[in-house]
Amino acid sequence: MKIINVVGARPNFIKIAPIHRALNKIDSVESLIVHTGQHYDERMSDIFFNQLELPKPDFYLGIGGGSHTHQKANVMLAFEKICNSEKPDVVLVVGDVNATAACSITAIKMGIRTVHVEAGLRSGDRDMPEEINRIITDAICDDLFITEHSGLINLAKEGVPDSKVHFVGNVMIDSLVYFRKKASYDGILNTLGLKPKKYILMTMHRPSNVDNVDSLNKILQIIRNACAHNNVVFPVHPRTENNLKKFNLWDKLSTINGLHIMGPQGYLQFLNLMDNALMIITDSGGIQEETTYLQVPCITFRSSTERPITVELGTNVLISELDVKEVDLQVQSILNGEHKTGVIPPLWDGDAATRIAKILVKKYN
Ligand code: UD1
Ligand code: UDP
């Protein structure tokens, strides 16, 4: 069985690594990686291949950034050629980025079995570019691998037959479980002069939060307030850095006392930073799940989440509209030890990729 695994952006690398490892253990399976090149900087791409023990991609499409139409149309044209030459039995896509939707449409139209890992998640917010990618991908794929119970409900509501749906757990947590010990040997805390549980970690990259000046100003105020309580560590996503510079806010950010501002971090460094953080403030999808597993309090700047289990069972709290006062209250209550403790959701045990590989072999080998 020849499988093409598709990656495009940072969270995809973390999800594909355990799947590729599990597939590689099976003699009758050939597992290839296609990288669309949506994320291309060394620190947004190559570093993950090295740290996650992934081989170089078998095919690199080099599509880069640009509008959604530009990205998807170019990915589809380039991916069609690869499917024609490689004739895979299965195409596997993960998550909700542009590569996920573009490659699943291409493969399905070519009659190739196509499967979606991390299916069934819905925020209910169609203004999120990812929500459209999720809906398109789930509507057409042959098999849907889900991470949490809400996926079962969402897909049933959309009329997806049960036979297509497999509740297997969470491959992003597979990577966390696999690399947590190695990450703990990393020296980033010493380099930054930080002590465990004595700093707040922050990430921010959703267009709704970082593409307009009003939201960015609120984020700056939230950081100033947080720095009054504790050190804040902020690895800045390229979208966010570009916008802070565009709106002349970068210098204001850089001069905040107690703030460690830095570029995007490698997976091991970031995992170590998460594991030792007092709390995390974020708008990331994946980080809501990782903090739930690590049982680190998480404040998420979103009005909805496609990962409701992180609120129901985990440590996640949503705050919408970048409510500066509400965030400060939450930060203070976490500092006072009054926060959700949470439990680890079902099947988030490090073995999701092995379950996926078994199902694929049974159905398609
Ligand atoms: C993309 C995904 C988002 C995911 C995020 C993970 C979609 C619709 N969006 O958003 O779901 O949460 O990745 O981080 O697929 N840039 C660089 N270097 C890079 C990559 C990006 O400088 O290596 C800059 C470019 O200016 C680019 C901008 O960041 O235009 C945005 O990148 P893009 O991939 O379009 O969207 P993300 O915000 O990264
Ligand atoms: N991450 C990382 N370095 C960073 C920030 C995040 O390795 O500087 C990891 C994080 O641990 C998680 C993934 O990147 O595994 C989340 O990606 P991101 O927040 O970019 O995307 P999303 O999950 O929101 O789609």
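Each ligand, and each atom within it, is numbered from 1 in the order the structure gives.
Distances below 4.0 Å separate heavy atoms of His237 from the following atoms of ligand 1: 14 (O), 37 (P), 38 (O), 39 (O). Heavy-atom contacts of Asn242 reach the following atoms of ligand 1: 24 (C), 26 (O) (cutoff under 4.0 Å).
When non-hydrogen atoms are compared, ligand 1 lies under 4.0 Å from the side chain of Glu130 (C-beta onward) but not from its backbone. Here Met44 has side-chain heavy atoms under 4.0 Å from ligand 1, and that is the only part of it that gets that close. By the criterion of a heavy-atom distance under 4.0 Å, the side chain of Met172, and not its backbone, is placed next to ligand 2.
Residue Met274 places a heavy atom under 4.0 Å from ligand 2. Within the 4.0 Å heavy-atom cutoff, Arg206 counts among the residues contacting ligand 2. Under the 4.0 angstrom criterion for non-hydrogen atoms, Gln71 is in contact with ligand 1.
Looking at His68 next to ligand 1, no N or O pair under 3.5 Å apart turns up. Ligand 1 has a nitrogen or oxygen under 3.5 angstrom from a nitrogen or oxygen of Tyr40. Between Gln38 and ligand 1, at least one pair of N/O atoms sits closer than 3.5 Å.
In this structure, atom 27 (C) of ligand 1 is not in close contact with the protein, since no protein heavy atom lies within 4.0 Å of it.
Using a 4.5 Å heavy-atom cutoff, the side chains of Ile280 and Ile200 are not in contact.
Taking the six-membered ring for Trp, His35 and Tyr40 have ring centres at least 6.0 Å apart. Note: His149 and Phe167 fail the aromatic proximity criterion, with ring centroids not under 6.0 Å apart.
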